[in-house]
Trainee: 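Right, I'll just put the structure down here and ask away after.
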Amino acid sequence: RSKQLGRDTFSFHHDEMALAARRRLEMEHGLRQALEQGSFELWYQPQLDLCSGRVIGVEALLRWRDPARGLVPPLEFIPLAEETGLIVPIGAWVLRQACREARSWLDAGLNPGRVAVNVAAPQIERGGFEQVVARVLEETGLPAAALEVEITESSLLHNADNAKRVIAALRELGVGLAIDDFGTGYSSLAYLKHLAVHRLKIDREFVRDLPGDGSNLAITRAVIALSRSLGFAVVAEGVEVQAQADLLRREGCDSAQGFLYAKPMPGADFANWLAARPD
Ligand code: C2E
Ligand code: MG
Ligand code: MG
Ligand code: MG
């Protein structure tokens, strides 16, 4: 009986694993096709200055529009794209598309501030990332100062020396640099000090339970204090209610993005949103 159970358990796991492997293959194939057929989209979420209320930037967020799967959020396909290396060409598309759209908003007389693009570790580790950025800026005519690259704290730690070199090269170009998901990756403060970074982004995880949660409040305060003393600006993500915005402003956080102000939206909607604002 127990032998039988063991065999059933085995084949159950076996089937599950086979299914998971097939799903991965299908998704990998889907991602390649999406790249060829132009099925990726960028959605945009504004970032506001907490004191003046002005728009200071906008984050480009990737979506995959698939006929069978619908609009697929990035967390469902970016891990696989990273594992397979597909994130390199996908990321290059993201960069070019964000710069192109930002250029078109500038041409329409709008001021979106800096457009922030998420960049994954393999894009930086592959080598030549700074050349890709320089070429895209040249091709699209977007000023370097209108672009910001977001690198997660954890991807900085993969290959710290290379990351440091790439960051310095981007700074040389005049591109802004933000550390994303800050507080989740255990980077040493000593290391941070040597990076040519402009901003830290406080991860949504810490903002979510503010103002009630005491330990998240302590972390948020510490990140803000650290940023200020190292000369970085701070942006908080995932701000959903006014009480969070008020607290962050009081604590000295410069800017914020979140559902309180706007959810991510397609580029055309963002342009309309921007055009309708008094500033
Ligand atoms: P992230 O860069 O930390 O982006 C912030 C995420 O928080 C976005 O999710 C955004 O929609 C969501 N968010 C913003 N404000 C709020 C809020 O007030 N409440 C809640 N509940 N959520 C909020 P999204 O668009 O699903 O992206 C998830 C992650 O996927 C991003 O996290 C980023 O790590 C990654 N990602 C997105 N686009 C790209 C890309 O082009 N390249 C790479 N490598 N990663 C990307
Ligand atoms: Mg980001
Ligand atoms: Mg983030
Ligand atoms: Mg985050």
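Remember, it's 1-based here, ligands and their atoms both numbered in the order they're listed.
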Trainee: Considering only Ile, Leu, Val, Met, Phe, Trp and Tyr, and joining two whenever side-chain heavy atoms are under 4.5 Å apart, list the other residues clustered with Trp43.
Mentor: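 Reading the cluster by chain and number, Trp43 sits alongside Leu71.
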Trainee: Which ligand 1 atoms, with their elements, are less than 4.0 angstrom from a heavy-atom of Glu237?
Mentor: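 Going through ligand 1 atom by atom, the ones under 4.0 Å from Glu237 are 3 (O), 5 (C).
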Trainee: Under 4.0 Å, heavy-atom basis, I'd like to know which part of Leu62 is in contact with ligand 1: side chain, backbone, both or neither.
Mentor: both
Trainee: Pull out every atom of ligand 1 sitting under 4.0 Å from any heavy atom of Gly258, numbered as shown with elements.
Mentor: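 Heavy-atom distances to Gly258 below 4.0 Å select 15 (N), 18 (O).
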Trainee: Heavy-atom contacts with Ala120 under 4.0 Å: which atoms of ligand 1 show up? List them by number with element.
Mentor: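 Heavy-atom distances to Ala120 below 4.0 Å select 44 (N).
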Trainee: Is Gly238 in contact with ligand 1, taking contact as a heavy-atom separation below 4.0 Å?
Mentor: yes
Trainee: Any idea which of Glu240, Lys263, Glu76, Gln257 brings a heavy atom closest to atom 21 (N) of ligand 1?
Mentor: Glu240
Trainee: For Trp64 and Phe40, take the angle between the two ring planes, folded into 0 to 90°, and tell me which bin it lands in: parallel under 30, tilted 30 to 60, perpendicular over 60.
Mentor: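 The rings of Trp64 and Phe40 sit tilted, inter-plane angle from 30° to 60°.
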Trainee: Looking only at heavy atoms of Lys201, does any of them come nearer than 4.0 Å to an atom of ligand 1?
Mentor: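 The answer is no: ligand 1 sits nowhere under 4.0 Å from a heavy atom of Lys201.
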Trainee: Closest N/O/S atom of Glu150 to the Mg ion (ligand 2), by atom name?
Mentor: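 For Glu150, the N, O or S atom at the smallest distance from the Mg ion (ligand 2) is OE1.
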Trainee: Only heavy atoms of Pro74, strictly under 4.0 Å: list the atoms of ligand 1 that pass.
Mentor: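 Listed by number with element, the hits are 24 (P), 25 (O), 26 (O), 27 (O), 28 (C), 30 (O), 36 (N), 37 (C).
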Trainee: Please could you name the atoms of ligand 1 that Arg63 approaches to less than 4.0 Å, counting only its heavy atoms?
Mentor: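 Close to Arg63: 24 (P), 25 (O).
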Trainee: Which ligand 1 atoms does Val94 reach within 4.0 Å, using its non-hydrogen atoms?
Mentor: 41 (O)
Trainee: State which residues pass side-chain contact (heavy atoms from CB on, under 4.5 Å) with Ser52; sequence neighbours excluded, sorted by chain then number.
Mentor: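 Partners of Ser52 by the side-chain contact (heavy atoms from CB on, under 4.5 Å) criterion, ordered by chain and then number, come out as Asp49, Arg54.
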Trainee: So is Pro264 close enough to ligand 1, meaning a heavy atom under 4.0 angstrom away?
Mentor: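 For ligand 1, residue contact (heavy atoms, under 4.0 Å) with Pro264 is present.
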Trainee: Rounded to the nearest 0.5 Å, how far does CG of Leu173 lie from CD of Glu138?
Mentor: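 The CD atom of Glu138 sits 11.0 Å away from the CG atom of Leu173.
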Trainee: Can you tell me the N, O or S atom of Asp180 that's nearest the Mg ion (ligand 2)?
Mentor: OD2
Trainee: To the nearest 10 degrees, calculate the angle at the Mg ion (ligand 2) involving OD1 of Asn118 and OE2 of Glu59.
Mentor: 90°
Trainee: Who's closest to atom 7 (O) of ligand 1 heavy-atom-wise, of Glu150, Arg204, Glu82?
Mentor: Arg204
Trainee: What I want to check is whether the side chains of Glu205 and Asn216 have a donor and an acceptor closer together than 3.5 Å.
Mentor: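 Their side chains do not contain a donor-acceptor pair, so the 3.5 Å distance test is not met.
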Trainee: Side chain, backbone, both or neither: which part of Asp180 has a heavy atom under 4.0 Å from ligand 1?
Mentor: side chain
Trainee: Between CZ of Arg228 and CG of Leu226, what distance do you get to the nearest 0.5 Å?
Mentor: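 Output value for this atom pair is 12.0 Å.
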Trainee: Do the ring centers of Trp105 and Phe270 come within less than 6.0 Å of each other?
Mentor: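 Close enough - the centres of the two rings lie under 6.0 Å apart.
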Trainee: Under 4.0 Å from a heavy atom of Asp181: give me the atoms of ligand 1 that qualify, with their elements.
Mentor: 3 (O)
